[in-house]
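Worksheet for the structure shown next.
We use all heavy atoms of the structure for the numbers below, so side chains are in, but hydrogens, waters and symmetry mates are not.
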Amino acid sequence: MKMRTLILSGLGLLVVGMLGIVALRTDPIPVDTAAVTVGPMRVTVDVEGKTRIAEIYEVSAPIRGTARRAPVRVGDWVTGGETVVAIVEPAASDPLDPRSRVQAEAAVREAEAGLHMAESQLRQTQEELELAQSEFERATELVSRGVASLTRLENAEQMLGVREAARAAAQSALDMAAGALDRARATLDPPDTGVDAATSCCVEILAPVDGRILEIPTISERPVIAGTRLLSVGQPEDLEIVAEILSADAVRLEPGDKAIVERWGEPRPLAARIAKIEPRAYTKVSALGIEEQRVDVVFDLLSPPAERPALGHGFSVFLRVVEWEAEQALQIPLSALFRHGADWAVFVNESGTARLRVIGIGRSNSLSVEVLTGLTEGEEVLLHPGDRIVDGTSIRLREDG
């Protein structure tokens with residue numbers, strides 16, 4: 001009986017101990033894990049961009065006048081050197097106010113008087129030239145007969161040359177006076193009231209290159225001055241992309257870096273590469289009101305025009321500029337990484353127990369981080385580890401749902 005009591009007491013103590021252990025035991029914490037993998041990894045600079053035609057030709061008015069209604073429309077195809085894209089009618093003379101008219105009439109009278117004076121001067125020099133010619137002929141005859149000296153002939157010849165030069169000068173003065181009179185009379189001419197459409201009065205401007213009309217600021221007829229922009233022409237196939245990239249990101253890029261063009265209207269991406277990075281940055285205010293230093297980066301489109309037939313000038317696109325990439329990179333999800341003092345660390349699943357491990361990292365993108373030291377392929381790391389997890393915590397995989 002005594003032995004039986006001892007056995008029952010021992011069993012009771014064992015049950016109580018086991019119940020205590022169960023009561024005090026901590027349940028494993030459910031976690032999500034991901035494997036350490038080796039595969040392609042890419043770090044990109046993501047930015048919005050716009051397409052533009054690389055070479056745009058601006059057509060401007062060569063003279064002051066009236067630009068007639070545009071003979072072409074935006075989107076029309078034109079042939080360089082053949083298609084008339086603009087017509088400019090020379091400007092009519094401006095009407096004179098009363099004071100200017102009085103001055104112009106006085107200038108005409110003055111020019112007429114100058115013309116009469118030049119005509120009189122010409123007649124005078126003509127008479128003197130005829131007299132000098134007669135004197136030279138008479139001296140020549142007398143010298144040949146031995147009646148006059150050779151000196152008289154030389155004097156007569158010299159005088160003839162002087163009179164010929166005076167007549168030439170008088171003729172030039174007459175031409176100048178006639179030109180001054182024409183100029184003065186032109187000021188008084190009334191302004192043109194119109195031009196016959198059948199006459200070839202206007203300047204027809206031809207397309208500078210083969211391409212399409214991109215923009216016409218004003219279709220209707222209007223007065224213009226020399227240099228006024230009338231329209232622009234470009235070749236839609238000659239597209240490039242310009243993106244405003246943060247200067248801190250631009251310093252890590254260089255010409256030749258490739259880019260992936262997305263969100264341009266179709267699901268398939270297009271290929272591009274950096275053609276040049278502008279040397280000057282500028283300040284731009286973001287949508288949040290923050291001043292940012294931006295740099296214009298120009299990209300060449302590598303995909304042929306046949307793959308992007310509807311893409312045109314000024315279209316919006318999204319660019320992923322490849323800063324770095326590797327085909328075989330040891331990597332883990334970025335959500336598994338956290339700070340441990342001055343180092344980076346993760347929790348590794350070792351047979352149901354979380355183990356803290358300090359690692360060395362390299363490049364990172366929005367999803368993954370490159371692992372340089374501390375992990376091997378195939379190990380499992382905990383995702384989004386919470387405050388309840390420490391080194392040695394018992395864990396179990398979270399069940400789906």
Note to self: Check this for me: Arg99, atom CZ, are more than 12 non-hydrogen atoms of other residues, nucleotides or ligands nearer than 6.0 Å?
What the structure shows: no
Margin query: Run Thr353 and Thr393 through side chain to side chain contact (heavy atoms under 4.5 Å, CB included) and show every step you take.
Written below: CA-CA 6 Å; Thr353 302; Thr393 301; over 6 Å; no
Next item on the list: Start with the C-alpha gap between Arg363 and Glu323, add the side-chain angles, then the distance that decides, and say whether salt bridge (Lys or Arg N to Asp or Glu O under 4.0 Å) holds.
Entry: CA-CA 10 Å; Arg363 304 272 186 162; Glu323 177 187 339; 3.2 Å; yes
Next item on the list: Give the minimum heavy-atom separation between Pro62 and Ala226, together with the two atoms involved.
Entry: O-CB, 3.9 Å
Item checked: CD-CG distance between Glu82 and Leu206, expressed to the nearest 0.5 angstrom -> 9.0 Å
Check: On the ring face of Trp324, is Arg42 found with NZ or CZ under 6.0 Å from the centre and within 45° of the axis?
Finding: no
Notebook entry, point to check: Are the side chain of Gln331 and the backbone N or O of Gly39 linked by a donor-acceptor pair below 3.5 Å?
Noted result: yes
Note to self: For the residue pair Glu377 / Thr37, report whether a side-chain donor-acceptor contact shorter than 3.5 Å exists.
What the structure shows: no
Margin query: Within the structure provided, determine whether Phe347 and Arg355 are in side-chain contact (heavy-atom separation under 4.5 Å).
Written below: no
Check: Does atom CD of Glu157 have more than 12 heavy-atom neighbours from other groups under 6.0 Å away?
Finding: no
Check: Taking C-beta and beyond as the side chain, do Leu270 and Leu302 meet within less than 4.5 Å on heavy atoms?
Finding: no
Notebook entry, point to check: Would you say the side chains of Ser60 and Arg229 form a donor-acceptor pair under 3.5 Å?
Noted result: no
Check: What is the distance from atom CD of Gln133 to atom CD of Glu137, rounded to the nearest 0.5 Å?
Finding: 4.5 Å
Margin query: Tell me whether Glu110 at atom CD has more than 12 heavy atoms from other residues, nucleotides or ligands lying less than 6.0 Å away.
Written below: no
Notebook entry, point to check: If every non-hydrogen atom of Phe315 is compared with every non-hydrogen atom of Ala310, which pair is closest and at what distance?
Noted result: CE2-O, 3.3 Å
Check: Is the side chain of Ser134 donor-acceptor paired with the backbone N or O of Glu130 at a distance under 3.5 Å, no angle test?
Finding: no
Note to self: Do Thr283 and Glu292 make a side-chain contact, defined as non-hydrogen atoms from C-beta onward lying under 4.5 Å apart?
What the structure shows: no
Notebook entry, point to check: Does the side chain to side chain contact (heavy atoms under 4.5 Å, CB included) test come out yes or no for Val346 and Leu356, once each step is laid out?
Noted result: CA-CA 6 Å; Val346 296; Leu356 178 69; over 6 Å; no
Next item on the list: Give a yes or no answer on whether the side chain of Arg73 reaches the backbone of Ala70 with a donor-acceptor pair at less than 3.5 Å.
Entry: yes
Item checked: No-hydrogen, no-angle side-chain donor-acceptor test under 3.5 Å, Glu379 and Thr376 -> yes
Checklist line | Side chain to side chain, Ser368 and Leu334, heavy atoms closer than 4.5 Å | finding: no
Check: Hey, is the main chain of Ala345 close enough, under 3.5 Å, to the side chain of His340 for a donor-acceptor pair?
Finding: no
Margin query: Apply side chain to side chain contact (heavy atoms under 4.5 Å, CB included) to residues Val88 and Ile205 and explain how you reach the verdict.
Written below: CA-CA 8 Å; Val88 180; Ile205 305 174; 4.1 Å; yes
Margin query: Closer than 3.5 angstrom, by distance alone: can the side chain of Arg357 be matched with the main-chain N or O of Gly374 as a donor-acceptor pair?
Written below: yes
Checklist line | Ile277 to Leu253 - nearest heavy-atom pair and separation | finding: CD1-O, 3.6 Å
Check: Under 4.5 Å between any side-chain heavy atoms of Leu383 and Val31, yes or no?
Finding: no
Notebook entry, point to check: Can you find a pair of side-chain heavy atoms, one from Leu122 and one from Gln126, that are under 4.5 Å apart?
Noted result: no
Check: CG of Leu319 to CD1 of Ile260: how many Å apart, nearest 0.5 Å?
Finding: 10.0 Å
Check: More than 12 non-hydrogen atoms from neighbouring residues, nucleotides or ligands closer than 6.0 Å to CZ on Arg222, yes or no?
Finding: yes
Note to self: Please check this pair: side chain of Arg308 against backbone of Ser303, looking for a donor-acceptor N/O pair closer than 3.5 Å.
What the structure shows: yes
Check: Ser335 side chain to His384 main-chain N or O, any donor-acceptor pair under 3.5 Å?
Finding: no
Item checked: Stepwise salt bridge (Lys or Arg N to Asp or Glu O under 4.0 Å) test for Arg185 and Glu112 -> CA-CA 10 Å; Arg185 286 173 175 171; Glu112 289 174 344; 3.4 Å; yes
Next item on the list: Could you tell me whether a side-chain N or O of Asp182 sits under 3.5 Å from a main-chain N or O of Gly179, the two making a donor and an acceptor?
Entry: no
Check: Got a donor-acceptor contact below 3.5 angstrom from the Arg163 side chain to the Ala166 backbone?
Finding: no
Margin query: Does Glu278 form a salt bridge (Lys or Arg N to Asp or Glu O under 4.0 Å) with Arg280? I'd like the steps, not just the answer.
Written below: CA-CA 6 Å; Glu278 298 290 349; Arg280 184 185 69 88; over 6 Å; no
Checklist line | Straight-line distance of Ile216 CD1 to Ser232 OG, nearest 0.5 Å | finding: 8.5 Å
Check: Are any non-hydrogen side-chain atoms of Pro236 and Trp77 less than 4.5 angstrom apart?
Finding: yes
Margin query: Assess the residue pair Lys50 and Glu244 against the criterion (salt bridge (Lys or Arg N to Asp or Glu O under 4.0 Å)); give the C-alpha distance rounded to whole Å, side-chain angles, the decisive distance to 0.1 Å, and a yes or no.
Written below: CA-CA 9 Å; Lys50 284 186 179 180; Glu244 300 172 347; over 6 Å; no
Check: Are Val321 and Asp249 close enough, and set up right, to give a side chain to side chain contact (heavy atoms under 4.5 Å, CB included), and what steps lead you there?
Finding: CA-CA 10 Å; Val321 188; Asp249 292 333; over 6 Å; no
Check: Less than 4.5 Å apart, any side-chain heavy atom of Cys202 and any of Arg68?
Finding: yes
Check: Which value, rounded to the nearest 0.5 Å, describes the distance between Ile53 atom CD1 and His313 atom NE2?
Finding: 6.0 Å
Checklist line | Side-chain donor/acceptor of Thr33 to backbone N/O of Val381, under 3.5 Å | finding: no
Notebook entry, point to check: So, Arg138 and Glu135, do they make that salt bridge, N to O below 4.0 Å?
Noted result: yes
Notebook entry, point to check: Hey, are Ser100 and Asp97 close enough side-chain-wise for a donor-acceptor pair under 3.5 Å?
Noted result: yes
Next item on the list: To the nearest 0.5 Å, tell me how far Leu115 CG sits from Met176 CE.
Entry: 12.5 Å
Next item on the list: Identify the heavy atoms of Glu215 and Val74 that sit nearest to each other, and give their distance.
Entry: CA-CG2, 4.1 Å
Check: Which atoms form the tightest heavy-atom contact between Val224 and Ile63, and what is the distance?
Finding: CG2-O, 4.3 Å
Next item on the list: Decide if atom CD of Gln293 counts as having more than 12 heavy atoms of other residues, nucleotides or ligands within a radius under 6.0 Å.
Entry: yes
Note to self: Can you give me the closest heavy-atom contact between Ile245 and Ala250, atom names plus distance?
What the structure shows: CG2-N, 4.0 Å
